[in-house]
Protein chains: 2
Amino acid sequence: MSRDAALAELQALLGPRLSRSAGDLADHGRNETWFAPMPPDAVAFPETTAEVSALVAICARHGLPVIGWGTGTSLEGHAIALHGGVSADFSRMNRVIEVRPGDLQAVVQPGLTREGLNTELRATGLMFPIDPGANASLGGMAATRASGTTAVRYGTMRDNVMALEVVLADGRVIRTGSGARKSASGYDLTGLFVGSEGTLGLITELTLKLHGQPEAITAAVCAFDTFEAAVDTVMATIQMGIPMARIEFVDETTAAIFNAQNGTRLPEKPHLMVEFHGSATSAAEDAQRFGEVVADMGGAHFDWATTVEDRNRLWKMRHGAYPACIASRPGCMGLVTDICVPMSQLAKAVAETRADIAASGLPGPILGHVGDGNFHAILLVERGNDDELKTAKALARRMAERALGLGGTMTGEHGVGMGKKDLMAMEHGEAWEVMARIKRALDPDGILNPGKLVEVAQ
Amino acid sequence: MSRDAALAELQALLGPRLSRSAGDLADHGRNETWFAPMPPDAVAFPETTAEVSALVAICARHGLPVIGWGTGTSLEGHAIALHGGVSADFSRMNRVIEVRPGDLQAVVQPGLTREGLNTELRATGLMFPIDPGANASLGGMAATRASGTTAVRYGTMRDNVMALEVVLADGRVIRTGSGARKSASGYDLTGLFVGSEGTLGLITELTLKLHGQPEAITAAVCAFDTFEAAVDTVMATIQMGIPMARIEFVDETTAAIFNAQNGTRLPEKPHLMVEFHGSATSAAEDAQRFGEVVADMGGAHFDWATTVEDRNRLWKMRHGAYPACIASRPGCMGLVTDICVPMSQLAKAVAETRADIAASGLPGPILGHVGDGNFHAILLVERGNDDELKTAKALARRMAERALGLGGTMTGEHGVGMGKKDLMAMEHGEAWEVMARIKRALDPDGILNPGKLVEVAQ
């Protein structure tokens with residue numbers, strides 16, 4: 001590798017849009033959780049697919065790593081520059097290229113954020129519902145197979161990316177998928193790139209599935225005496241086929257943190273936060289049937305968020321859980337981890353995780369997208385306290401092992417990145433080696449986000 | 001390759017379950033459409049994953065092709081033995097391994113058919129809705145990414161296969177996916193094998209997503225004066241967000257064939273056949289709103305199938321369209337082809353296809369799953385008439401080109417197989433070469449269903 005020669009060529013390509021300033025390097029080496037900063041050698045701000053292609057071709061020729069960068073909100077160290085190289089920051093490729101209302105589709109650039117897209121869609125009656133909490137870039141959301149609160153109704157990025165433009169490891173540009181709602185035409189390359197965490201190609205354009213803004217929305221928050229009653233409520237609701245748009249669990253610790261940080265007066269008990277989308281009739285019917293389930297399970301303090309403002313406040317509080325938890329323990333950082341289990345195993349997974357966290361002595365609120373069997377623990381670790389970090393890592397590892405033992409997956413939505421790579425063999429066995437074979441086939445020199453997701457001998 | 005040595009080893013492995021009888025070879029070389037029969041050298045009837053693994057390992061050692069066989073109902077020559085080899089018939093691996101009602105999942109063997117699974121599920125309140133018409137094997141449906149009438153509501157096999165056990169080209173066995181409803185843990189290998197048409201591995205076990213049997217079902221058939229009015233009705237219904245469980249278009253030619261073959265008295269006009277699933281309230285509301293759209297579009301002869309028997313008759317007629325069309329022209333065979341376009345392009349695609357077929361002089365009924373933008377032409381070709389076959393092939397090719405020109409895909413559900421391989425470069429460009437790279441990475445000697453879907457230099 002000749003780093004300096006590569007950087008000189010990149011400078012010639014991008015001019016001032018190749019930055020080596022200390023601020024830019026630091027910004028693109030950071031992460032939102034516990035990983036040590038690892039800055040790249042340079043940050044590129046491409047403006048076109050052609051520039052991304054040229055950039056990758058230069059890096060390929062010199063063996064310099066290329067790491068895609070959206071908003072830096074991933075939680076497993078996906079975008080930090082483990083082996084240096086160029087951080088390709090997509091913030092200047094953030095346009096809506098086309099909205100096709102008749103096809104319920106939007107074509108966008110990868111640097112556009114989900115909130116940015118929804119702002120553009122406001123007048124169309126359409127929306128892009130995938131909501132991981134952070135105002136992440138859509139390219140990053142696709143690359144990490146993001147999901148979030150609405151996945152129980154609308155699916156994950158896997159279900160909502162119809163087509164991609166991708167720059168391959170040698171700089172070639174391909175298109176995957178089409179504008180058709182389904183296809184039986186060859187391998188599902190779109191599905192392969194979604195969730196590949198920047199290790200197989202760089203996404204330069206996405207065709208996304210849009211959904212009609214619901215005619216009516218009802219939302220509520222309700223408290224339970226035990227987390228088992230809350231989880232049983234979720235399972236019964238799913239069994240009855242009541243179509244929830246969101247259903248979130250927060251434990252009593254999180255409720256207490258909301259009260260302290262947001263001035264709410266929630267009972268310090270396990271809660272469910274729910275939302276129903278539909279026609280006025282169906283949303284009301286769904287809410288009523290859900291209310292009956294809650295009553296059967298002994299739930300109480302059932303508050304309907306009847307206005308848009310109430311609803312926004314509810315979900316803002318939910319999405320603010322991570323910073324609120326961090327703020328609840330001064331001087332701490334979060335090791336936030338997630339698992340996803342089959343629905344029938346959810347109560348057991350939560351119970352064992354609660355007990356394990358309690359025994360560790362670390363503060364660790366639990367919350368999550370329980371309609372998918374997916375939940376998070378936010379382990380609050382004192383900065384600089386290596387013992388606590390070690391304890392938290394061990395807890396996270398046991399959560400992942402627990403998920404696998406229960407027939408689930410070690411991550412429902414946070415992904416692999418650096419944080420869970422050492423668990424991949426345990427989850428996938430020889431299938432992990434198949435992933436490595438695919439990686440070698442598409443990126444033989446290993447320049448795309450090296451050190452993440454797969455293990456490839458260099 | 002030493003074919004005889006391989007077959008001797010396979011005989012030792014499987015005993016009488018390796019057949020070289022003329023009847024078995026002919027059965028496994030046939031297809032339901034126009035491809036010339038191409039029998040394998042032997043037919044294997046494995047009973048366990050271990051046997052499939054051993055079978056593939058033997059074939060790998062000798063370079064003998066292996067082709068998976070479900071029910072032989074594919075329409076693009078997927079399962080015929082282009083280069084000879086062993087047809088691995090999964091009919092003896094047809095058990096339901098486990099139903100997990102609490103998780104809405106079933107674990108099944110690949111030879112089980114969709115009707116077989118639904119029979120087993122009858123008492124559980126659950127169902128597996130994917131319905132390509134034929135009573136296909138679930139392994140075959142996964143391998144070809146099948147969909148059908150209900151995809152507009154429940155998705156395709158892509159959306160309903162959660163996990164797989166797969167025998168790789170060297171005989172190794174891997175597991176992909178998990179029992180969790182979502183995962184961000186690595187490349188989506190499940191999605192890669194679904195739709196790979198037996199070219200990357202043999203599926204030996206599937207975990208499928210189940211759905212609750214709807215509390216209420218309403219169904220109807222209605223006629224329109226023009227196909228444009230029918231297509232506009234579909235688009236308006238989708239735009240209004242009315243959740244259809246099925247919506248099928250049949251043209252006036254098909255309606256006439258139904259009358260002649262089934263004794264029905266449908267007006268000889270374009271029709272829509274629809275079904276709504278939900279609670280009693282929501283299914284009734286959906287049906288009513290749909291009725292209003294139909295009335296607005298000038299639709300008439302609106303018949304509700306109110307009883308289960310009426311409904312079964314309706315869908316039996318729809319699913320019997322292919323044999324009914326074949327029977328309508330004595331001595332003919334069908335070249336049946338499908339395309340899928342963005343919804344906004346559906347009316348144009350149907351109009352141009354109708355005109356093209358009319359100009360050709362061939363009988364060619366059009367029907368399909370229009371809620372997905374997917375439709376079929378059943379081109380009725382006199383057996384042995386090479387001119388007609390050539391005409392039909394040219395029509396099919398122009399349909400595919402039309403779909404691509406309109407931003408769609410050359411096949412929504414029939415797949416690639418042999419029939420559409422020569423169109424892959426046109427649809428996918430360099431992405432087809434990426435598929436070939438994946439094929440080479442997973443099956444370097446090219447023994448898995450060679451000659452289908454991808455082009456790999458041997």
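Please read all numbers here as calculations on a predicted model, not as lab measurements. Every chain is numbered from 1, with letters handed out A, B, ... down the list of sequences.
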| query | Of the backbone (N, CA, C, O) and the side chain (C-beta and beyond), which part of A/Asn374 lies under 4.5 Å from a heavy atom of chain B, both, or neither? | reply | side chain

| remark: Whatever's closer than 4.5 Å to a heavy atom in chain A on B/Glu76 counts as neither

| said: Measuring from atom CZ of A/Arg440 to atom CZ of B/Arg437, what distance do you get when rounded to the nearest 0.5 angstrom? | reply: 14.0 Å

| message | For a 4.5 angstrom cut-off between non-hydrogen side-chain atoms, does A/Arg145 reach B/Asp188? | response | yes

| task | Considering only heavy atoms and a distance below 4.5 Å, find which of B/Thr199, B/Asp159, B/Thr190 pairs most often with chain A. | result | B/Thr199

| Side chain / backbone / both / neither for B/Lys452 at chain A, heavy atoms under 4.5 Å | neither

| field | Side chain, backbone, both or neither of B/Val454 within contact of chain A (heavy atoms, under 4.5 Å) | value | side chain

| query | What part of A/Ala146 gets closer than 4.5 Å to chain B, counting heavy atoms only: side chain, backbone, both or neither? | reply | neither

| remark: Greatest number of non-hydrogen atom pairs under 4.5 angstrom with chain B, of A/Gly186, A/Ser196, A/Gly212, falls to A/Gly186

| field | Contacting moiety of A/Glu413, where chain B heavy atoms sit under 4.5 Å | value | both

| query | Knowing that exactly one of B/Thr409, B/Val152, B/Val341 qualifies, which makes a side chain to side chain contact (heavy atoms under 4.5 Å, CB included) with A/Arg181? | reply | B/Val152

| Does any heavy atom of chain B fall under 4.5 Å from the side chain of A/Arg175, the backbone, both, or neither of them? | backbone

| query | For B/Ala403, is it the side chain, the backbone, both or neither that has a heavy atom under 4.5 Å from a heavy atom of chain A? | reply | neither

| field | Polar side-chain atom of B/Asp103 near backbone of A/Met343 as donor-acceptor pair, under 3.5 Å | value | yes

| Donor on one side chain, acceptor on other, A/Ser147 and B/Lys182, under 3.5 Å | yes

| field | Option in B/Gly407, B/Gly191, B/Gly195 with maximal non-hydrogen atom pairs under 4.5 Å from chain A | value | B/Gly407

| note | Heaviest contributor of heavy-atom pairs below 4.5 Å to chain A, chosen from B/Arg172, B/Met157, B/Met240, is B/Arg172

| field | B/Ser279-A/Glu285 side chain donor-acceptor pair, cut-off 3.5 Å | value | yes

| message | For chain B, which candidate among A/Arg158, A/Met162, A/Arg289 shows the most heavy-atom pairs at distances under 4.5 Å? | response | A/Arg158

| query | Among A/Pro101, A/Gly429, A/Gly408, A/Gly177, which has the most heavy-atom pairs under 4.5 Å with chain B? | reply | A/Gly408

| request: Quick one: list whatever passes side-chain contact (heavy atoms from CB on, under 4.5 Å) with B/Asn160, sequence neighbours left out. | output: B/Phe128, B/Ile130, B/Lys209, B/His211

| note | Checked B/Met235, B/Glu215, B/Met424, B/Gln105 vs chain A; the most non-hydrogen pairs under 4.5 Å come from B/Met424

| said: Can you confirm whether A/Glu430 sits close enough to B/Leu168 that some side-chain heavy atom of one is under 4.5 Å from a side-chain heavy atom of the other? | reply: no

| note | Note: vs chain B, highest number of non-hydrogen pairs under 4.5 angstrom among A/Gly125, A/Pro243, A/Pro342, A/Gly371 is A/Pro342

| Among A/Val416, A/Val173, A/Leu189, A/Leu192, who wins on heavy-atom pairs under 4.5 Å with chain B? | A/Leu189

| message | Is any side-chain heavy atom of A/Glu433 closer than 4.5 Å to one of B/Ile174? | response | no

| Of the backbone (N, CA, C, O) and the side chain (C-beta and beyond), which part of A/Met435 lies under 4.5 Å from a heavy atom of chain B, both, or neither? | both

| said: Using 0.5 Å steps for rounding, measure from the CD atom of A/Gln239 to the CG atom of B/Leu126. | reply: 7.0 Å

| Any side-chain heavy atom of B/Val434 within less than 4.5 Å of one from A/Thr176? | no

| So which heavy atom on A/Ala180 is nearest to which on B/Cys340, and how close? | CB-O, 3.4 Å

| remark: Counting heavy-atom pairs under 4.5 Å with chain B, the top scorer among A/Ser344, A/Ala441, A/Gly412 is A/Gly412

| By a 4.5 Å heavy-atom criterion (distance strictly below it), what part of A/Lys421 contacts chain B: side chain, backbone, both, or neither? | neither

| query | For A/Thr411, which residues count as a side-chain contact (heavy atoms from CB on, under 4.5 Å) partner, sequence neighbours excluded? | reply | A/Asp338, A/His414, A/Lys420, B/Ala184, B/Ser185

| note | Distance col, row B/Tyr187:OH vs A/Leu200:CG, nearest 0.5 angstrom, shows 3.5 Å

| note | Whatever's closer than 4.5 Å to a heavy atom in chain A on B/Leu442 counts as both

